[in-house]
Protein chains: 2
Amino acid sequence: MRTLYTTSTRTAIVDLLKRDPRYLTATAIYRILRDDNPRLALSTVYRTLELLAELGNVSFRTESNGETSYVFCTDEHHHHAICSVCGHVDEVDCAAIDQFKSALMAQQSFELDDHSIEFYGRCARCR
Amino acid sequence: MRTLYTTSTRTAIVDLLKRDPRYLTATAIYRILRDDNPRLALSTVYRTLELLAELGNVSFRTESNGETSYVFCTDEHHHHAICSVCGHVDEVDCAAIDQFKSALMAQQSFELDDHSIEFYGRCARCR
DNA sequence: CTAGATGCAAACTCTTTGCATTGCC
DNA sequence: GGCAATGCAAAGAGTTTGCATCTAG
């Protein structure tokens, strides 16, 4: 198995993602971190984000403009509650989804394997 | 307000989308329709899909490779059950979502405004 | 006839890749 | 020292745009 090095760039990206619990694009991350490291390359940001996604430490989604954005998160199956005011992202479990399964089967004989859910609203601070 | 013309290209695209209830990319649509109309331009397909999306007759999503794909659907709020075998897309209402609201509020004081859901599984024919 | 639609080609944006260099372990 | 990571530049892929031409109404 490939050995992973702990580099300052990787640490900086992970720290930023942990500190800022919102969906950030590669370019946004690049712009922020370039202040401290002017030689940072956008391609490095992309490669690191790809790595973090493989490791399950980051999940991503596609914005309406087609850009991909990333959040730090756990590896377990869960969903995101996204604040439409500040962009804050919280994880939500999906216990209640089980109730869908039977309804869906009965309604149109569809056998549920997986699901993808995002919730939008206002977080505790923005309400 | 702008006047919309009914052109053969638009009719062909709408017909194809109605006939094939799966998420199709612009390029896929282009390839299929080019057989009957060799002078068809990919940009026309994009422009038509954009128009249909504005009119609420089409919804779209982003595939894992970054491509956008489109399905014909109703304008009302609903979700899609996507067959992982044949790609068939069915609409699903979201009555059961209401049960989430109270749970979500109690759990982490998040006020739910909207949600985006996709289900994956096997449709009646592919089970 | 006229505003809207189309084809074609060029431009754009985001993302990926090749390769020489640098740096972690 | 050796393999992994990075910077830089160039290439890719999907999508959008400008403009002359064509066409529905």
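Within every chain, numbering begins at 1; the chains are lettered A, B, ... in the order of the sequence lines, protein sequences first and strands thereafter. Both backbone and side-chain heavy atoms feed into the values below; hydrogens, waters and symmetry mates do not.
Atom OH of B:Tyr46 and atom P of C:dC12 are 18 Å apart (whole Å). Across the protein-nucleic acid pair, A:Arg34 atom CZ and D:dC8 atom P stand 11 Å apart, rounded to whole Å. Residue B:Leu4 contributes atom CG, which lies 21 Å from atom P of C:dT2 at whole-angstrom precision. Between A:Arg39 atom CZ and D:dA5 atom P there is a gap of 18 Å when expressed in whole angstrom units. A:Leu42 places its CG atom 14 Å from the P atom of C:dT13, with the value rounded to the nearest Å. Residue B:Glu54 contributes atom CD, which lies 14 Å from atom P of C:dG4 at whole-angstrom precision. For A:Glu67 and C:dC12, the CD to P distance is 17 Å, given to the nearest whole Å. Here D:dC22 presents its C1' atom at 13 Å from CG of B:Asn37, a figure rounded to the nearest Å.
Contact check for A:Ser116 versus B:Tyr120: side-chain heavy atoms found under the 4.5 Å cut-off.
Summary of the strand contacts: B:Thr3 and B:Thr44 both lie near DNA chain C, and taking for each the nucleotide with the nearest heavy atom, the more 5' one is attributed to B:Thr3. Heavy-atom distances to DNA chain D give each of A:Leu51 and A:Pro38 a nearest nucleotide, and the one nearer the 5′ end belongs to A:Leu51.
Residue-to-nucleotide contacts include a donor-acceptor pair under 3.5 Å from the side chain of A:Tyr5 to the base of D:dC3. Residue side chain B:Arg47 does not reach the base of C:dG4 through any donor-acceptor N/O pair under 3.5 Å, judged by distance alone.
Open room surrounds CZ on A:Phe60; 12 or fewer heavy atoms of other groups in view lie less than 6.0 Å from it. Atom CZ of B:Arg34 has more than 12 neighbouring heavy atoms from other residues, nucleotides or ligands inside a 6.0 Å radius.
Cation-pi check for B:Arg10 over B:Tyr5 is not met; the charged atom does not lie both under 6.0 angstrom from the ring centroid and within 45 degrees of its normal. No cation-pi contact links B:Arg122 to A:Phe110, judged by a cut-off of 6.0 Å to the six-membered ring centre and 45° from its axis.
For C:dT15, neither phosphate oxygen OP1 nor OP2 lies less than 4.0 angstrom from any side-chain nitrogen or oxygen of A:Ser43. Taking only side-chain nitrogens and oxygens, A:Thr48 never comes nearer than 4.0 Å to OP1 or OP2 of D:dA5. Between D:dT15 and A:Asn65, no contact under 4.0 Å exists linking OP1 or OP2 to a side-chain N or O.
Aromatic pair A:His115/B:His79: centroids not less than 6.0 angstrom apart. Outside the 6.0 Å centre-distance limit, the rings of B:His80 and B:His88 are not counted as a close aromatic pair.
Proximity of residues 6-24 of chain A to DNA chain D (heavy atom under 4.0 angstrom from any strand atom) is restricted to A:Thr7, A:Thr9, A:Arg10.
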